[in-house]
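Keep in mind it's a predicted model, so treat the numbers as computed, not measured.
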Amino acid sequence: MSAQENDANRRAAAQHALSEHLRLTAAGRTDEWVQLFAPDAVLEFPFAPTGVPRRVTGRDELLAHMSSFPDTFDVEFVDLVFHETVDPSLVVAEFRSTGTALPTGKPYQQTCISVVRTDDDALITHYLDYWNPLVAIEALTPVHESSDPARGVTFGG
């Protein structure tokens, strides 16, 4: 196999890992979702609000962190666009989530950019997740309360 073919295969596998992450997250299948990650993988949220860790490391922590997501949001991920990178194991993607915050019934419309690194087995080793915490806070704030950025969100462990 040529270097170009190898790079194309790695790129396709890395993009598939991100696509599967979105599919399984939307389906609430966290036990399967966590298997997309290397055992010591890191998930980072640079703009995490109060109540959400900025860094989660290892499958056990990842699973604990995402365990409440299916009871918190009913979403689908749409408009997925991959941006080519020089490194075939690095994926940069834009997408939107559209759905509902289940505790409040309010709409949840989020725009995300993810930077994902995979290993030779196409397992996610590092996931950098950029999303707007104010959108999540607003969606999770009951109608009779005013939203407050200091309030935080509690879908993570």
Side-chain angles (χ1 to χ4, degrees), residues 10-83 85 87-104 106-141 147-157:
R10 285 194 67 168
R11 182 170 286 109
Q15 290 177 350
H16 179 74
L18 176 60
S19 296
E20 282 295 283
H21 156 74
L22 297 176
R23 183 182 71 81
L24 293 171
T25 299
R29 294 163 52 185
T30 53
D31 288 336
E32 291 173 69
W33 167 84
V34 78
Q35 297 305 313
L36 296 171
F37 290 82
D40 58 349
V42 174
L43 180 57
E44 286 191 84
F45 306 102
F47 302 126
T50 302
V52 176
R54 291 191 185 273
R55 183 180 178 100
V56 180
T57 303
R59 283 184 178 159
D60 290 342
E61 285 187 26
L62 289 166
L63 190 56
H65 175 74
M66 289 298 287
S67 64
S68 297
F69 189 88
D71 296 326
T72 307
F73 294 107
D74 179 16
V75 297
E76 66 176 312
F77 297 100
V78 298
D79 301 333
L80 176 61
V81 175
F82 290 110
H83 296 279
T85 62
D87 181 346
S89 64
L90 180 67
V91 176
V92 176
E94 295 178 65
F95 55 91
R96 292 182 315 107
S97 68
T98 181
T100 305
L102 296 173
T104 63
K106 292 169 99 175
Y108 181 67
Q109 310 291 323
Q110 184 70 261
T111 300
C112 304
I113 296 176
S114 294
V115 180
V116 180
R117 183 163 300 280
T118 58
D119 65 14
D120 291 340
D121 296 319
L123 294 175
I124 297 168
T125 58
H126 190 248
Y127 194 116
L128 190 55
D129 199 13
Y130 292 97
W131 51 277
N132 185 347
L134 298 177
V135 172
I137 290 167
E138 176 58 33
L140 292 169
T141 300
S147 59
D148 175 0
R151 174 188 169 142
V153 294
T154 58
F155 70 82

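We find the CG-CD1 distance between L18 and I124 to be 6.5 Å, quoted to the nearest 0.5 Å. Expressed to the nearest 0.5 Å, how far CZ of F77 lies from OG1 of T25 amounts to 5.5 Å. Atom CG of N132 sits about 11.0 Å away from atom CD of E138, to the nearest 0.5 Å. Atom CD in Q109 sits 8.0 Å away from atom OG1 in T100 (nearest 0.5 Å). The structure places CG of L102 at 11.5 Å from OG of S68, a figure rounded to the nearest 0.5 Å. For the atom pair Q110 CD and T98 OG1, the distance stands at 11.0 Å (nearest 0.5 Å).
Remark: the backbone N or O of L123 is not paired with any side-chain donor or acceptor of D121 at under 3.5 angstrom. Counting only distance, with no hydrogens or angles, the side chain of T125 and the backbone of R117 share a donor-acceptor pair below 3.5 Å. At distances below 3.5 Å, not a single donor-acceptor pair connects side-chain atoms of R29 with backbone N or O atoms of R23.
Under the side chain to side chain contact (heavy atoms under 4.5 Å, CB included) test applied with S89, the options V91, T85, D87 reduce to a single match, D87.
For F47, the side-chain contact (heavy atoms from CB on, under 4.5 Å) partners are Y130, P133, not counting sequence neighbours. Looking at residues two or more places apart in sequence or on another chain, you find a side-chain contact (heavy atoms from CB on, under 4.5 Å) between Q35 and R59. Under the salt bridge (charged side-chain N to carboxylate O under 4.0 Å, His left out) criterion, D79 pairs with R96, sequence neighbours left out. Evaluation of the salt bridge (charged side-chain N to carboxylate O under 4.0 Å, His left out) rule for D71 yields no partner, not counting sequence neighbours. Checked against salt bridge (charged side-chain N to carboxylate O under 4.0 Å, His left out), R54 has no partners two or more places apart in sequence or in another chain. Here D120 pairs with R10 under the salt bridge (charged side-chain N to carboxylate O under 4.0 Å, His left out) rule; sequence neighbours left out.
Residues P88 and A14 come closest through the heavy atom pair O-CB, 3.7 Å. Taking every heavy atom of both residues into account, L140 and F73 meet most closely at CD1-CZ, 3.8 Å. Residues A122 and A17 share a closest heavy-atom pair of O-CB, 3.6 Å. The nearest pair of heavy atoms linking A139 to T104 is O-OG1, 2.5 Å. W33 approaches L62 most closely through the heavy-atom pair CZ3-O, 3.6 Å. Listed here is the closest heavy atom pair of A26 and V75: CB-O, 3.3 Å.
The shortest side-chain heavy-atom distance between M66 and V34 does not fall under the 4.5 Å cut-off. Between Y108 and D74 the shortest side-chain heavy-atom distance does not fall below 4.5 Å. With contacts defined as side-chain heavy-atom distances shorter than 4.5 Å, the pair L90/V115 qualifies. Side chains of P46 and L128 form a contact here, defined as non-hydrogen atoms less than 4.5 Å apart.
Using the six-membered ring where Trp is involved, F45 and H65 have ring planes that are tilted, between 30° and 60° apart. Using a 30° and 60° split on the angle between ring planes, Y127 and H21 fall in the tilted class, from 30° to 60°.
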